[in-house]
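Let me begin by presenting the structure, written as structure tokens, before commenting on it.
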Number of protein chains: 4
Amino acid sequence: LDMSPCAEARVLVINTGGTIGMMYHNNVLSPEPNAFVKTLRKLPILHDEPYALQTHMYDYYSASGPQENTLVLPMPTRHADELMKGSCSTGSMLCLRGAAGVTLAESQANLFEACWIPGGLVPALNGVLAGRLQLSKQNKRIVYSVLEYSPLLDSCNMTTDDWAKIGKDIEKHYEKYDGFVILHGTDTMAYTASALSFMCEHLGKPVILTGSQVPIFEMRNDGRDNLLGALLIAGQFVIPEVCLYFHHKLYRGNRVTKVDAGSFNAFNSPNLAPLANAEVDIKINWDTVWRANTTARFRVSTEMNRNVGLLRLFPGITAATVKSFLQPPMEGIVLETYGSGNAPDNRADLLEEFRKATERGVIMVNCTQCLRGSVTTSYATGRALSDAGLVAGCDMTPEAALCKLSYVLARKELNIEAKRKMLSQNLRGEMIADLQGAKLTLSDS
Amino acid sequence: LDMSPCAEARVLVINTGGTIGMMYHNNVLSPEPNAFVKTLRKLPILHDEPYALQTHMYDYYSASGPQENTLVLPMPTRHADELMKGSCSTGSMLCLRGAAGVTLAESQANLFEACWIPGGLVPALNGVLAGRLQLSKQNKRIVYSVLEYSPLLDSCNMTTDDWAKIGKDIEKHYEKYDGFVILHGTDTMAYTASALSFMCEHLGKPVILTGSQVPIFEMRNDGRDNLLGALLIAGQFVIPEVCLYFHHKLYRGNRVTKVDAGSFNAFNSPNLAPLANAEVDIKINWDTVWRANTTARFRVSTEMNRNVGLLRLFPGITAATVKSFLQPPMEGIVLETYGSGNAPDNRADLLEEFRKATERGVIMVNCTQCLRGSVTTSYATGRALSDAGLVAGCDMTPEAALCKLSYVLARKELNIEAKRKMLSQNLRGEMIADLQGAKLTLSDS
Amino acid sequence: LDMSPCAEARVLVINTGGTIGMMYHNNVLSPEPNAFVKTLRKLPILHDEPYALQTHMYDYYSASGPQENTLVLPMPTRHADELMKGSCSTGSMLCLRGAAGVTLAESQANLFEACWIPGGLVPALNGVLAGRLQLSKQNKRIVYSVLEYSPLLDSCNMTTDDWAKIGKDIEKHYEKYDGFVILHGTDTMAYTASALSFMCEHLGKPVILTGSQVPIFEMRNDGRDNLLGALLIAGQFVIPEVCLYFHHKLYRGNRVTKVDAGSFNAFNSPNLAPLANAEVDIKINWDTVWRANTTARFRVSTEMNRNVGLLRLFPGITAATVKSFLQPPMEGIVLETYGSGNAPDNRADLLEEFRKATERGVIMVNCTQCLRGSVTTSYATGRALSDAGLVAGCDMTPEAALCKLSYVLARKELNIEAKRKMLSQNLRGEMIADLQGAKLTLSDS
Amino acid sequence: LDMSPCAEARVLVINTGGTIGMMYHNNVLSPEPNAFVKTLRKLPILHDEPYALQTHMYDYYSASGPQENTLVLPMPTRHADELMKGSCSTGSMLCLRGAAGVTLAESQANLFEACWIPGGLVPALNGVLAGRLQLSKQNKRIVYSVLEYSPLLDSCNMTTDDWAKIGKDIEKHYEKYDGFVILHGTDTMAYTASALSFMCEHLGKPVILTGSQVPIFEMRNDGRDNLLGALLIAGQFVIPEVCLYFHHKLYRGNRVTKVDAGSFNAFNSPNLAPLANAEVDIKINWDTVWRANTTARFRVSTEMNRNVGLLRLFPGITAATVKSFLQPPMEGIVLETYGSGNAPDNRADLLEEFRKATERGVIMVNCTQCLRGSVTTSYATGRALSDAGLVAGCDMTPEAALCKLSYVLARKELNIEAKRKMLSQNLRGEMIADLQGAKLTLSDS
């Protein structure tokens with residue numbers, strides 16, 4: 001063969017629906033079943049058919065599904081050049097097709113930032129680095145397979161069941177892929193990212209949600225860049241987190257919130273810096289990447305409690321409103337308070353409703369309605385709520401707090417005190433840690 | 001006399017409470033009655049006692065309250081110089097003490113930006129400008145009187161009654177002052193600013209809310225700059241709006257939201273640029289300042305409907321939760337939806353609850369839970385809500401929408417259709433206008 | 001015919017070179033003659049071959065150059081839908097092919113913002129607007145022809161001659177096209193944009209420079225979005241300025257500077273807000289668009305004086321250095337001073353060199369070395385320079401000031417006083433106006 | 001005594017001049033000798049006279065200069081409370097007056113962030129933390145002495161001699177103080193900060209430059225906050241760097257540049273995040289603080305070479321201009337190139353001038369004229385310059401590169417190759433390190 005497959009990373013794309021794959025019909029944007037992959041196949045930037053044919057890729061991967069759902073990204077030109085003329089042709093290149101994805105040691109990974117110097121005529125790699133680069137994932141081909149949901153879902157309609165389905169699909173295909181990309185509507189993407197972050201226990205591979213504000217089939221759109229960036233990061237870097245990628249930035253999934261309904265820059269991670277930035281180069285902020293201290297086996301816990309809710313405080317809120325919101329079957333709520341976790345402290349009627357709810361076992365988490373900031377247990381107005389039994393939500397987003405509550409309340413093996421304690425602990429990097437984590441706090445801020 | 005009062009602008013400061021005036025006692029921050037003014041009197045930057053004595057200021061203003069509640073800002077040095085040596089001593093300066101505040105024509109006001117050139121040794125004013133400047137309010141002394149509420153209020157505890165009290169106090173003292181500054185805790189300041197903007201009808205003078213994250217008595221604090229900036233703008237510029245001033249920026253009051261619980265830059269106006277910036281110079285963005293086309297007499301409408309609420313959508317919200325939230329006596333709610341006003345459209349049970357509420361006369365306004373963006377009536381998922389009877393909230397903040405709803409529902413003279421129409425109209429610059437306002441939209445963006 | 005060309009806007013793309021069109025050869029990025037258009041033709045997002053064939057486009061435009069250099073953008077789906085089913089098929093659509101570009105009255109143009117609502121299922125256009133839209137340029141096809149320079153130029157190597165060549169090409173093809181896009185390397189793009197803004201007199205059509213940090217042939221790149229945005233704006237909006245389009249923003253060309261060597265967001269316009277933003281929608285800031293009050297005929301003045309230079313002040317600069325820099329044949333320099341136009345005022349030797357240069361006819365413009373800010377004549381340290389004969393550069397970038405100097409010094413018909421006066425006037429929106437322009441200043445800030 | 005001095009940190013303030021201390025006389029801003037300290041003494045926020053008297057502070061420190069030049073900041077109320085009622089009164093508090101400043105181990109320092117919770121009624125410190133806090137510097141009184149230069153200097157007029165004078169004064173008083181604050185005009189503050197960073201060898205205490213855009217005696221000004229923040233950080237934290245503090249942010253001194261001539265937010269550190277942020281709390285970014293691996297004794301090297309210059313490339317620059325700029329006695333220049341270090345590569349005449357200069361021993365450093373970005377040796381257009389003998393300046397600011405060049409060229413003990421090598425190494429955190437520092441690069445970005 002004149003062109004043999006040397007190194008490929010495999011990514012599973014789960015297309016749940018959303019604007020990214022919609023098309024216009026009769027003046028109406030709507031999802032079109034089975035159209036997404038077909039269209040991607042025609043975009044040379046997202047699929048390299050000659051490579052697929054030359055390397056018999058379809059034969060090789062036929063076991064993992066119909067050939068038409070497997071695509072391969074083109075090789076970046078500069079890397080392709082090196083690959084063809086470099087150590088690969090001399091046989092020193094490892095042929096990794098079929099292997100489940102060799103993961104670099106962290107220290108090595110740090111060295112292999114994809115380096116692209118604008119305006120440059122020669123790549124910024126000296127011999128040593130270039131040689132090592134062959135072993136990294138950075139010049140692997142990204143082979144990706146698309147698993148499309150039927151029906152395609154509007155993210156407004158997503159429920160706990162849909163989160164579970166996504167989680168189960170990740171678990172089912174976990175071993176065969178190096179990373180996962182979840183295509184999703186933007187409206188509830190922050191909720192789904194938060195939910196998956198808790199459901200995925202002992203995660204060792206990247207799971208990246210993305211989507212777009214304008215369909216990928218429109219002339220000007222943000223879908224192509226978002227999909228491409230998510231694929232490249234999922235296939236090339238060992239970032240064992242549930243992430244959200246949008247507008248050149250990779251965020252921790254349980255830290256984001258949708259902040260702009262009308263801009264390409266739709267998401268923000270108000271209390272944590274992005275994990276990566278992908279403009280001219282892909283720069284990973286390795287200090288921020290979350291790594292659980294565990295060798296336990298990956299599993300997806302799909303048990304989620306549905307009797308949870310979000311309640312935002314507002315001036316004049318009545319005890320009656322609070323009471324009706326807290327009535328059974330409600331088992332847990334996130335209370336969006338003012339500022340650093342404040343609520344009226346002269347409203348005995350309100351505090352009484354909170355206390356009664358706590359006493360009958362409802363768990364309440366105190367989060368701020370400010371975009372940015374943190375709630376602590378340690379001072380007065382928050383103390384009134386703390387005395388009424390609320391758990392301090394620190395700097396969690398309401399989206400993350402709601403999903404964490406749903407996840408924790410479903411732990412049937414735990415009593416209520418254990419659940420409250422679990423809620424106040426940092427499980428997936430969703431909040432700053434407690435006293436022991438003071439150092440983390442500093443680097444988080 | 002060697003120093004006669006030539007031009008003074010009068011500002012009423014209503015101190016409702018909040019962090020800005022708190023002090024430490026026994027390790028606890030708390031409001032201290034009657035302490036705020038006393039402390040201000042000792043800060044030379046906030047009170048010029050020699051001027052007050054030389055000009056017999058206290059005698060002059062004794063009618064407006066106890067002398068110890070009236071203070072006067074020092075004159076900025078450069079202006080003081082001009083005043084003493086310039087046209088004032090030649091008799092050409094108008095003596096305005098006692099006049100109710102001459103307001104400049106708009107075109108003139110545009111010319112008299114306070115110009116301060118950093119690093120400069122000579123003021124940037126040529127003769128002509130400096131001459132005219134004497135007639136502007138820019139070198140008036142700011143004489144301010146403090147009206148302190150008893151008890152001082154934590155903003156978390158503010159209610160509709162407190163808004164009404166503030167409104168009534170503005171109305172009562174409206175003629176005697178050129179502008180009003182409301183000191184307020186930050187937690188619900190955006191709600192109060194929104195409420196006052198609707199309650200104040202045909203407003204012709206500035207009403208500026210401010211406060212601080214750190215008490216004015218602390219060594220490092222943001223209270224001094226916030227108070228000083230609010231006083232200077234309230235006394236010097238004809239900006240006939242309810243505004244919020246914080247961290248060098250003046251915002252339209254019904255456009256802001258508290259976005260950061262732990263930074264001096266605590267507020268943001270996501271869908272409208274600031275009205276003014278006060279760093280080295282005070283720069284007014286006159287194109288954005290709202291001017292009602294009216295010659296009607298100023299009045300404060302304190303009728304507000306209390307049976308209103310904020311409900312945020314979240315995945316898995318149940319029809320039961322919605323139903324209980326909407327039950328009587330609730331008369332109006334702001335629904336915080338996804339993205340550009342979207343909600344589940346496959347949830348017949350939810351939509352049915354909305355429809356039933358509408359049918360029994362509850363008015364619902366659709367606002368986005370995104371920090372930035374707009375809700376329109378014109379497309380599908382929003383259309384499901386529109387069909388269910390919700391009013392599109394355009395780019396209103398939830399805070400503004402809640403207060404507008406409370407204001408409109410209290411118009412007993414209107415039938416329900418007139419109320420719904422009023423809600424969808426731009427009343428105080430709180431949202432982009434409808435079709436007729438397309439041009440405004442462009443300059444807003 | 002089943003598909004007739006109804007409305008086309010024509011854009012001339014002048015490809016001068018730069019990263020956007022480079023390719024890798026032997027590990028080296030380099031420009032490849034005649035490759036750019038060929039590659040664009042293969043990208044469906046940048047060329048719609050079926051449309052070209054169906055409408056016999058190549059026959060029609062054969063006069064304007066070889067067929068292979070003419071391409072046509074696809075129609076955005078939603079517009080295409082309307083076009084096919086809307087008024088076009090009923091014959092009410094104007095057929096504009098061949099017409100030289102009907103320009104909308106400004107008031108109309110304001111109404112026709114391209115409105116794209118993310119997440120929406122139905123376009124946000126009511127019947128009336130949609131009807132009118134047919135007459136706007138917003139649903140015209142963009143037909144563009146590429147004129148490639150030979151050799152392709154690295155922007156580092158660009159000279160006054162190259163600016164003149166570009167100007168002459170715009171002039172030569174001015175009548176046949178609705179707008180112009182200049183592909184250019186990023187390194188000196190701000191200089192070229194400034195130079196063209198002065199060379200183009202009485203410009204009535206958009207001239208938009210763009211390029212990219214990563215070649216358009218790379219997998220992840222910013223070239224496609226930049227080219228597409230520039231084409232759409234050049235073909236659809238009457239913005240009669242020399243502009244620079246980069247990373248979703250349109251800037252006035254003589255206001256930009258390259259601020260980031262390694263980000264997609266490479267340019268900034270520190271003293272003027274962008275003219276347009278092109279994310280989900282293209283939003284034009286019409287208040288800022290510059291319109292000369294002239295009906296004079298467009299012409300390009302390619303006379304530029306080459307004996308000009310940029311000199312940045314630094315502590316310890318010697319009179320000898322200044323003297324040698326100012327020696328003949330130097331005829332004009334831009335002096336990059338500190339802060340608001342300050343220089344040492346205790347350095348008689350330096351000031352003496354400036355004075356001597358002024359006396360022998362060298363013209364010097366005082367610009368700040370700060371990214372943002374303005375230089376005025378009206379105060380002391382600036383006054384020392386003013387006394388030494390320097391012209392205040394207000395808020396011009398050094399790039400704009402250098403090109404303006406080169407342009408003004410070439411006006412042989414003017415004496416030196418007239419040249420100095422011309423330099424201190426606002427010619428193309430490159431700086432805030434003088435006293436008469438006080439109002440402009442306010443809206444600029 | 002009822003109030004004994006427990007813990008004091010001593011800071012030396014060197015007032016070199018600048019806007020912060022200017023006053024208006026006859027419409028002209030000018031420095032006023034001996035006025036600054038007198039005025040500070042009257043501002044209760046900047047001096048606590050009762051404390052000074054009660055503790056006999058003036059007697060104690062009389063050796064270090066006239067009593068009227070020594071001031072003491074008030075104690076933040078909450079800390080004062082703790083101090084009086086806490087462990088201090090029980091005798092467990094260390095009395096540190098007279099000690100030269102106990103420095104905390106780094107790990108401890110990390111724990112003691114000054115924690116101030118807005119809106120809170122009780123400090124966020126539990127017993128354990130509060131107990132430890134007594135040992136930290138965080139509740140020390142800041143006693144500061146002002147050393148005023150005569151004459152006071154306009155920063156435009158600063159020279160190498162003035163830098164040396166400041167350096168020598170730091171050296172002279174190094175042992176007696178815990179930290180140093182340098183008051184300085186903003187125009188050349190970035191140059192002076194860079195120069196001092198190189199001159200101060202083995203620095204173990206904070207040296208912080210600050211100043212203001214508006215004089216501290218004006219009503220609205222940024223001088224008070226800047227002075228207060230600099231004093232608190234210099235006295236409380238062991239940040240052994242030459243820093244610049246402005247508008248609530250602490251920057252590494254050799255990383256900043258003045259970016260705005262007319263805003264309080266005048267400085268920027270384009271290629272390195274701030275070292276600290278001081279809004280509600282003072283948050284130190286300890287990961288970024290630079291610590292030399294040395295136990296060598298602090299010394300100030302005032303030898304600086306004056307024959308250095310800054311030359312900015314521009315299109316059309318002539319070989320004659322370059323030649324005259326490079327002529328003797330010039331020994332080193334910083335060349336401000338395009339983008340990532342690019343220059344014309346088709347201009348044999350220019351490159352020849354560079355080569356000739358190199359051959360006669362002139363050292364040239366290649367820095368970008370972009371605000372943000374880096375220059376590397378490793379690719380072509382930069383390579384042309386590299387071949388011509390230029391040293392790659394990486395991501396140094398031109399200000400830092402100029403001062404480093406001046407510092408290195410003065411090392412008479414080094415031959416030219418050693419000087420070139422020294423220039424390409426990271427000496428004081430002024431640039432990203434070389435290959436060995438790859439990890440640093442990652443955390444820098």
Side-chain angles (χ1 to χ4, degrees), chain B residues 18-19 22-30 42-46 73-78 80-82 85 116-123 154-156 185-187 212-215 217-222 224-225 228-229 232 247-248 260-266 277-282, chain D residues 18-19 22-30 42-46 73-78 80-82 85 116-123 125 154-156 185-187 212-215 217-222 224-225 228-229 232 247-248 261-266 277-282:
Chain B
T19 298
M22 288 187 181
M23 303 188 82
Y24 260 100
H25 295 285
N26 303 328
N27 263 359
V28 171
L29 251 196
S30 57
K42 294 179 201 148
L43 297 177
I45 197 179
L46 284 163
L73 289 186
M75 180 63 85
T77 318
R78 51 208 159 122
D81 273 22
E82 286 158 33
K85 302 186 309 150
W116 167 251
I117 296 161
L121 304 187
V122 172
D154 186 315
S155 85
C156 290
T186 59
D187 276 346
S212 69
Q213 294 273 53
V214 173
F217 309 122
E218 282 292 309
M219 183 163 30
R220 284 176 61 247
N221 75 77
D222 55 334
R224 263 183 309 259
D225 278 356
L228 209 43
L232 288 169
H247 200 242
H248 312 305
D260 199 326
S263 156
F264 287 168
N265 195 13
N277 190 288
E279 298 202 13
V280 176
D281 301 321
I282 296 177
Chain D
T19 298
M22 288 187 181
M23 303 188 82
Y24 261 99
H25 295 285
N26 301 329
N27 263 358
V28 171
L29 252 197
S30 57
K42 293 180 202 150
L43 297 176
I45 197 178
L46 284 162
L73 288 187
M75 180 64 84
T77 318
R78 54 211 157 120
D81 272 20
E82 287 158 34
K85 302 185 309 151
W116 168 251
I117 294 160
L121 303 187
V122 172
L125 297 166
D154 185 316
S155 85
C156 290
T186 58
D187 276 346
S212 69
Q213 294 274 51
V214 174
F217 309 123
E218 283 291 310
M219 182 164 29
R220 285 177 59 249
N221 75 76
D222 55 335
R224 262 184 308 259
D225 278 355
L228 209 42
L232 288 169
H247 200 241
H248 312 304
S263 156
F264 286 168
N265 195 13
N277 190 287
E279 298 203 12
V280 176
D281 301 322
I282 297 177

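Keep in mind that this is a model prediction, so the values were computed, not measured. Quick note on labels: first sequence line is chain A, next is B, and so on, each numbered from 1.
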Choice from B:A278, B:G185, B:G229 maximising heavy atom contacts with chain D below 4.5 Å: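 When all of B:A278, B:G185, B:G229 are compared, B:A278 has the most.
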Chain D contacts, top residue of B:K42, B:R220, B:R224 (heavy-atom pairs, under 4.5 Å):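 The candidate making the most pairs under 4.5 Å is B:R220.
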Test item: D:E279 side-chain N/O and B:F264 main-chain N/O as donor-acceptor pair under 3.5 Å: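 Answer holds: yes.
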Exam field: side chain B:D222 to backbone B:Q213, donor-acceptor pair closer than 3.5 Å: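 A pair under 3.5 Å: yes.
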For the student: nearest non-hydrogen atoms of D:P44 and B:P44, plus distance: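 Looking at all heavy atoms of both residues, the closest pair is CD-CD, 4.3 Å.
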Toward chain D, the part of B:A266 with a non-hydrogen atom under 4.5 Å: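 It is neither, since no heavy atom gets under 4.5 Å.
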For D:D225, salt bridge (charged side-chain N to carboxylate O under 4.0 Å, His left out) partners two or more places apart: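 With neighbours one apart ignored, the set is empty.
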